[in-house]
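Below: one structure, written as structure tokens.
Note that the coordinates shown come from a computational prediction; the quantities given were computed from them, not determined experimentally. Every chain is numbered from 1, with letters handed out A, B, ... down the list of sequences.
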2 protein chains.
Amino acid sequence: MVAESEPNTGVLMFLPYRALENRVFAALAEAGFDDFTPAQARVMQRIGPDGTRLTELAEQAQITKQTAGFLVDQLEKAGYVTRVPDPSDRRARLVRGAAKAWAAKEVADAVVAQVEREWEEHLGRRRMRQLREALTLLREITDPWA
Amino acid sequence: MVAESEPNTGVLMFLPYRALENRVFAALAEAGFDDFTPAQARVMQRIGPDGTRLTELAEQAQITKQTAGFLVDQLEKAGYVTRVPDPSDRRARLVRGAAKAWAAKEVADAVVAQVEREWEEHLGRRRMRQLREALTLLREITDPWA
DNA sequence: TGACATTGGTCAGATTCCCTGACTACTTTG
DNA sequence: CAAAGTAGTCAGGGAATCTGACCAATGTCA
């Protein structure tokens with residue numbers, strides 16, 4: 001567990017990911033969306049257009065459902081999400097994004113697009129396409145929810 | 001901040017990264033290295049062959065030096081690292097990996113190599129090479145310590 | 001149909017991680 | 001040498017996360 005001269009492929013992926021996340025968070029904070037935390041955002045990201053169950057959010061974020069519940073409570077208090085009954089299962093409720101969440105998403109999406117343009121500029125169009133192609137393929141064997 | 005059908009490049013990078021990290025942790029735990037946490041591991045990863053200062057570890061892990069100090073305390077208690085005076089600066093101490101850390105690193109490296117082989121098998125040699133090439137280039141504009 | 005297992009979610013309590021602010025000791029710089 | 005900067009610690013607190021126990025609704029199958 002000591003730094004090596006040639007980082008493994010995993011580390012090489014983590015670096016740009018973290019850089020992007022940092023940029024998105026900075027932009028959100030600057031736009032006034034400073035009342036949620038990274039952990040809350042990671043849950044919010046996974047809410048589907050029609051709402052998503054707590055258990056599913058927990059699985060995808062790789063946290064316990066208790067933790068997910070705790071984070072959703074806070075998001076609800078801050079006005080980013082609402083909880084509605086799941087019509088198909090009386091035990092369950094769906095976590096839905098509220099207007100405030102869509103507004104934040106717009107800001108986030110714009111930053112992501114900007115950063116991806118910067119990356120493409122640095123790599124060239126061809127390499128950027130190859131990168132996305134390889135990553136998309138890799139998803140098949142690394143994303144349990146692909 | 002809601003899930004989209006076409007994940008952005010950052011998310012596409014995070015997925016394999018997390019899959020790899022999970023595999024490494026599982027293997028370490030199975031090999032008996034279950035007495036450290038992910039946060040401690042992220043600090044330990046950044047220790048150089050000749051030792052590294054606390055402040056430098058903190059910067060690279062993007063945590064405060066107080067937090068880094070806390071994590072190094074625990075690693076020291078668990079026998080993974082030692083602290084020795086820095087000969088070039090009497091204020092500073094170098095955090096050094098102990099034998100136990102090298103042993104864990106061997107296990108981790110083996111798993112990383114195995115997972116990379118699986119990735120290469122899935123992508124084909126050419127695409128794997130393109131992937132690493134693009135990621136290495138991207139590091140230039142996303143890694144402050146490149 | 002009725003017992004049993006499964007699934008969605010909550011409550012309670014503890015631990016870990018990480019931060020800000022304030023401080024000491026040493027080093028660098030003008 | 002005085003001032004400013006750097007390495008690290010101490011104190012206190014908040015956020016994220018876990019385990020274990022539990023309840024209610026659903027699914028399964030003899």
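- Scanning atom types as modelled, no donor and acceptor separated by under 3.5 angstrom connect the side chain of B:Arg91 and the base of C:dT27.
- Mapping A:Arg90 and B:Arg93 onto DNA chain D via the closest heavy atom, the residue that lands nearer the 5' end is B:Arg93.
- When the side-chain nitrogen and oxygen atoms of B:Arg83 are compared with OP1 and OP2 of D:dT9, one or more of them lie within a distance under 4.0 Å.
- Among the nucleotides D:dA16, C:dC19, D:dG8, the one closest to the side chain of B:Ala92 is D:dG8.
- One N or O donor and one acceptor, one from the side chain of B:Gln66 and one from the base of C:dG21, sit under 3.5 Å apart.
- In this structure, CG of A:Asp73 is placed 13 Å from C1' of D:dA16, rounded to the nearest angstrom.
- An OP1 or OP2 oxygen of C:dC19 is reached within less than 4.0 angstrom by a side-chain nitrogen or oxygen of B:Thr64.
- Comparing C:dG8, D:dA7, D:dG8 against the side chain of A:Asp89 picks out C:dG8 as the nearest.
- Across all their heavy atoms, B:Leu94 and B:Pro87 have their closest contact at CD1-CD, 4.4 Å.
- Nearest nucleotide to the side chain of B:Thr67, out of D:dA25, C:dC19, C:dT10: C:dC19.
- Taking 4.0 Å as the cut-off between side-chain N and carboxylate O, A:Arg53 and A:Glu59 do not count as a salt-bridged pair.
- Between the CD atom of A:Gln60 and the C1' atom of C:dG8 there is a distance of 16 Å, rounded to whole Å.
- A straight line from CG of B:Leu71 to P of D:dG8 spans 15 Å, rounded to a whole angstrom.
- Among the heavy atoms of the strands lying under 4.0 Å from B:Gln40 are primed sugar atoms or P, OP1, OP2 only; no base atom is included.
- Residue contacts shown for B:Asp86 are absent, as no nucleic acid heavy atom lies under 4.0 Å away.
- Put simply, CZ on B:Phe70 is 14 Å from C1' on D:dA15, counting in whole angstrom units.
- Residues B:Phe36 and B:Tyr80 bring their aromatic ring centres within 6.0 Å.
- Note: A:Leu138 CG to B:Arg127 CZ = 11.0 Å, rounded to the nearest 0.5 Å.
- Between B:Lys100 and B:Gly79, the shortest heavy-atom distance links the atoms CB-O, 3.6 Å.
- Taking atom NZ of residue B:Lys65 and atom P of nucleotide C:dC26, one finds them 15 Å apart after rounding to whole Å.
- Residue-level contact check: A:Glu56 touches neither bases nor backbone, having no heavy atom under 4.0 Å from any strand.
- The side chain of A:Ala39 sits closest to D:dT17 out of C:dC26, C:dT10, D:dT17.
- Between A:Asp35 atom CG and D:dA15 atom P the separation is 13 Å, expressed in whole Å.
- One can place CD1 of A:Ile63 at 16 Å from P of D:dA15, the figure rounded to the nearest angstrom.
- Atoms CZ (A:Phe25) and C1' (C:dC18) sit 15 Å apart, rounded to a whole Å.
- A donor-acceptor pair shorter than 3.5 Å cannot be found between the side chains of B:Arg46 and B:Thr52.
- The side chain of A:Arg53 places an N or O atom within less than 4.0 Å of a non-bridging phosphate oxygen (OP1 or OP2) of C:dG8.
- Ranking D:dA15, D:dG8, C:dG9 by closeness to the A:Thr37 side chain, first place goes to D:dA15.
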